[in-house]
Every structure is written in C-alpha cells, then in structure tokens.
There are 2 protein chains.
Amino acid sequence: MAIFSKTCEYAIRAVFYIAHKSASGDRAGLKDIAAGIDSPELYLAKILQDLSRKGLIRSVKGPNGGFYVDADSLARPLSDIVEAVDGQGLFHGCALGLKQCSEINPCPLHDQFKSIRGQISDLLHRTTIGGFNEELIGGLLSLKK
Amino acid sequence: MAIFSKTCEYAIRAVFYIAHKSASGDRAGLKDIAAGIDSPELYLAKILQDLSRKGLIRSVKGPNGGFYVDADSLARPLSDIVEAVDGQGLFHGCALGLKQCSEINPCPLHDQFKSIRGQISDLLHRTTIGGFNEELIGGLLSLKK
DNA sequence: TAATAAAAGGATATTCTTGTCCTTTATTCA
DNA sequence: TGAATAAAGGACAAGAATATCCTTTTATTA
Ligand code: FES
Ligand code: FES
C-alpha cells in the first residue's frame, strides 16, 4: 500500500505541475499536464474537474484556456488537496483500522503510530502548493516516471 | 487512505490475536478470531489460509483444531506480515507514485518522506508478533471496534 | 457571427479489493 | 470405523477505484 490513493498521487503531482506553470504566468492544458506528470489524460481530466469544482484550482475554457492556480492557492497547504481527494483518514485514522483511534481504546501500534502520523500531517500542512516551484522550474525535482 | 490495506489490517489484528492466545498455550478457531478482532469471518478465513501457506502462522484441522504461532514466529517482526500481504511498497515506494523512488530523480516530497518512511519501516521491523502479548492479555490494548 | 479550442459533464468499461458460498480434506473421538 | 469438527480450496458476488468514451458548454478569435 501507498500513503495516498493513485487518484491523490495524480492530484498532487498535477497541482505541483500547474503551480509551477502558474508561477511563470502560464496556464497548463490537460494534455500538457498529463504528459508532464505521466498520467492517463482522461482520468486526470476527472480529477482536475473535481479540484476545480472544489475551488482548489482554477480553469478557463476555450482556446488558450487551461488550468492555473491563483496567488492565494499557491500559499495553501498540500493537506487541502489530500483532504479533498482522500479525506481525513490519513490524519486521524487508526493504523490497524479500528473504528476510532483513541487513547482510551488504543490498538497495539497506537503510541508509536501517533507520532508518525503526526509527522505526515505536519509535512502536508507545512508544504505549500507553490513551495517547490523554484526546484521544479530548475529541474531539480521530478513529477514523472 | 490508510497505511495498510484492509486485508493487511485484518491480518495484523488476527496475528496479534492468535499470538496472545498461543502465549497462553491455546489455539484460536476462526470464529473466535473473527469475533475477537471484529472482522468478516469468511474473508478472514482466506487471509489466514494465505498466511498459513506462507508459513507465518500454523494451523491444525479437525476437532479442537485452530490457528497458532510457534515460539519462532512469536519473535518474528511484524514487517513479515505486512510484506506478505501488502508487498514492499510501504518500505520502498515513492510518496507520489513515481515508478522508482531515488535520489537521482526525487519527487518534491522525497527528502522529508524518506525519513517518515524509514520510521514506519523501523516500527514494523522492531515490533514482533508476540511483542504485545502481555498488554493484550491484560486488556490494555484493543484489536476491535 | 461562425469556426475552433478546451474544459465540464454524463455514461460506461475495466480492474482490483473485499466479501460470501459451497465442497473437499484432514483430524479427533466415540 | 464412522460421525463430527474445523481448516483448505475453488468459484463466485458485490463494491470501489481506476480508466475511457462521447456529448455539451463556454470562451476565443478570425
Ligand atoms: S488506536 Fe490505532 S492508531 Fe490509535
Ligand atoms: S522519489 Fe518520491 S519519495 Fe523518493
């Protein structure tokens, strides 16, 4: 198992991709993004429609249209994307699938897992959507293969 | 998304359950285990068959039969179960789903995720199957609800 | 205003995970 | 030895995640 669903992996990679294009003032078209993050184009379309409906990214139809993120959204934490796609499980769920993670009825992994889960949460809350733009533009980081 | 697949959650809870019964010298029957960890009985049967085939737990058929773990297996790391059920993804996979997690072609989350992934790996390698028997017998830890 | 480009939306297909059913095999015990 | 018990195994069913297809809407620009 991975930390994120496949859908969420595509969503994050796409949002990073769009963000770094937006930083250069460009919009990104669907084909462009799909190629840039190595994802199935039509499935990605659905994901982006969803993020757009939820206001996490912007879109413009017609010639020269495409997807972009505004300055506000560039500063948003990555956790907003994760939560929109995968829900809150990663932030609050029990490692062993108990209905409710709690101190009162803890599973064997609770104590140690709580700390790790907290670090994942911190990472996703600290990281912003636009936070890697320089490295992405500079080609130091990768979103494909 | 959770860290483990549902199948793996059941597997871990079941193995902990069987281990703590084995510590008391008992075998655990399917119904007993399913009730003890709150899982669908017939699905759990498949999971246990699989673990049994792979030698991670033992089983005996017939009256008074059931599942148990021998002393050797009690000392095995939990990572053996996770690997048998969910594979190696959790230990080596890229957070954003790149084909190959690497230093040469890192995704934006690589550096920070590597550390977290390492902690998960450590936790699962340090924790043994029988490691929580006392707390389970004492009722301090829970495997259901 | 007409032609074109690109995202939105609805429906459907495919694949994987999870869960159930029924028969067979092995073990115990009367 | 025969009846009862419990896991093993094979086939199937339901649901969710992933992926594709086709039509509609909106924006651009010639
Ligand atoms: S109860 Fe399982 S992680 Fe908290
Ligand atoms: S490349 Fe993504 S975690 Fe290492």
Side-chain angles (χ1 to χ4, degrees), chain A residues 1-15 17-18 21-22 26-69 82 84-87 89-90 97, chain B residues 1-15 17-18 21-22 26-69 84-87 89 97:
Chain A
M1 287 281 286
I3 296 282
F4 305 118
S5 68
K6 223 145 192 262
T7 305
C8 193
E9 291 173 353
Y10 292 149
I12 295 173
R13 304 212 312 262
V15 165
Y17 187 88
I18 296 167
K21 287 269 168 162
S22 294
D26 284 335
R27 281 182 208 141
L30 179 60
K31 274 192 228 307
D32 177 17
I33 304 168
I37 71 169
D38 192 36
S39 76
E41 184 180 324
L42 294 167
Y43 187 57
L44 182 62
K46 293 301 177 195
I47 299 171
L48 295 180
Q49 277 166 34
D50 185 47
L51 293 178
S52 180
R53 255 184 268 111
K54 288 174 175 159
L56 294 167
I57 61 175
R58 306 264 153 191
S59 72
V60 176
K61 287 182 178 180
N64 239 318
F67 298 90
Y68 67 100
V69 294
V82 174
V85 177
D86 278 351
L90 189 53
Chain B
M1 285 283 286
I3 294 281
F4 305 118
S5 69
K6 223 145 193 264
T7 306
C8 194
E9 290 173 353
Y10 293 148
I12 295 173
R13 305 213 309 263
V15 164
Y17 187 89
I18 296 167
K21 288 268 169 165
S22 294
D26 285 335
R27 280 180 208 143
L30 179 59
K31 274 191 228 309
D32 177 17
I33 304 168
I37 70 168
D38 192 35
S39 76
E41 185 180 324
L42 295 167
Y43 188 54
L44 181 62
K46 293 302 179 195
I47 299 171
L48 296 181
Q49 278 167 34
D50 185 46
L51 293 178
S52 181
R53 255 184 267 111
K54 288 174 176 160
L56 295 167
I57 60 176
R58 306 264 153 190
S59 72
V60 176
K61 287 182 179 179
N64 239 319
F67 299 90
Y68 67 99
V69 293
V85 178
D86 278 352

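Residue numbering restarts at 1 for every chain, and letters A, B, ... go by the order of the sequence lines.
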Discussion item. Just N and O in the side chain of B:Ser59: are any of them under 4.0 Å from OP1 or OP2 of D:dA6?
Written reply: no
Discussion item. Mind checking if B:Leu30 touches a base, just sugar-phosphate, or nothing, with heavy atoms under 4.0 Å?
Written reply: sugar-phosphate
Discussion item. Using a 4.0 Å heavy-atom cut-off, does A:Lys46 contact any base of the nucleic acid, only the sugar-phosphate backbone, or nothing at all?
Written reply: base
Worksheet item: Once you round it to whole Å, what is the distance between P of D:dT20 and CD1 of A:Ile47?
Response: 11 Å
Practice prompt. Working to the nearest 0.5 Å, report the span between CE of A:Met1 and SG of B:Cys8.
Written response: 8.5 Å
Worksheet entry | Nearest heavy-atom neighbours spanning A:Ile33 and A:Phe67 | CD1-CD1, 3.9 Å
Practice prompt. Could you state the atom-to-atom distance from NZ of B:Lys6 to P of D:dA16 in whole Å?
Written response: 10 Å
Discussion item. Between P on C:dT28 and CZ on B:Arg27, what's the gap in Å once rounded to a whole number?
Written reply: 7 Å
Item to complete: For the pair B:Ser22 (side chain) and B:Val69 (backbone), establish whether a donor and an acceptor sit closer than 3.5 Å, ignoring hydrogens and angles.
Response: yes
Fill in: Integer-rounded Å distance: C:dA5 P and A:Glu41 CD
15 Å
Worksheet item: Is any side-chain nitrogen or oxygen of A:Tyr10 closer than 4.0 Å to OP1 or OP2 of D:dT18?
Response: no
Discussion item. Please determine whether a side-chain nitrogen or oxygen atom of B:Arg53 lies at a distance below 4.0 Å from atom OP1 or OP2 of D:dG9.
Written reply: yes
Discussion item. From the set D:dA19, C:dC29, C:dA8, return the single nucleotide nearest to any side-chain atom of B:Asn64.
Written reply: C:dC29
Practice prompt. For A:Val60 and for A:Leu44, find the nucleotide of DNA chain D with the closest heavy atom, then tell me which residue's nucleotide is more 5'.
Written response: A:Leu44
Response to the item:
Looking only at C:dT18, D:dA19, C:dA26, the nucleotide nearest the B:Ser5 side chain is C:dT18
Fill in: Along DNA chain D (nearest heavy atom to each residue), the more 5'-positioned of A:Pro40 and A:Gly62
A:Pro40
Item to complete: Would you indicate, yes or no, if C:dA7 has its OP1 or OP2 atom less than 4.0 angstrom from a side-chain nitrogen or oxygen of A:Ser52?
Response: no
Practice prompt. Would you mind telling me which residue lines up with the more 5' stretch of DNA chain C, B:Lys61 or A:Gln49, judged by nearest nucleotide?
Written response: A:Gln49
Worksheet entry | Whole angstrom value for the distance that separates P of D:dA27 from OH of A:Tyr68 | 11 Å
Worksheet entry | Rounded distance in Å - NZ (B:Lys31) to P (D:dA7) | 8 Å
Discussion item. Please evaluate residues A:Asp50 and A:Lys46 with respect to the criterion salt bridge (charged side-chain N to carboxylate O under 4.0 Å, His left out), reporting the C-alpha separation (whole Å), side-chain torsions for both, the decisive distance (0.1 Å), and the verdict.
Written reply: CA-CA 6 Å; A:Asp50 185 47; A:Lys46 293 301 177 195; over 6 Å; no
Practice prompt. Could you state the atom-to-atom distance from CG of B:Leu42 to P of D:dG9 in whole Å?
Written response: 16 Å
Worksheet item: Would you say A:Tyr10 and A:Lys6 make side-chain contact, with heavy atoms under 4.5 Å?
Response: yes
Worksheet item: To the nearest angstrom, how far is A:Leu51 atom CG from C:dA8 atom P?
Response: 10 Å
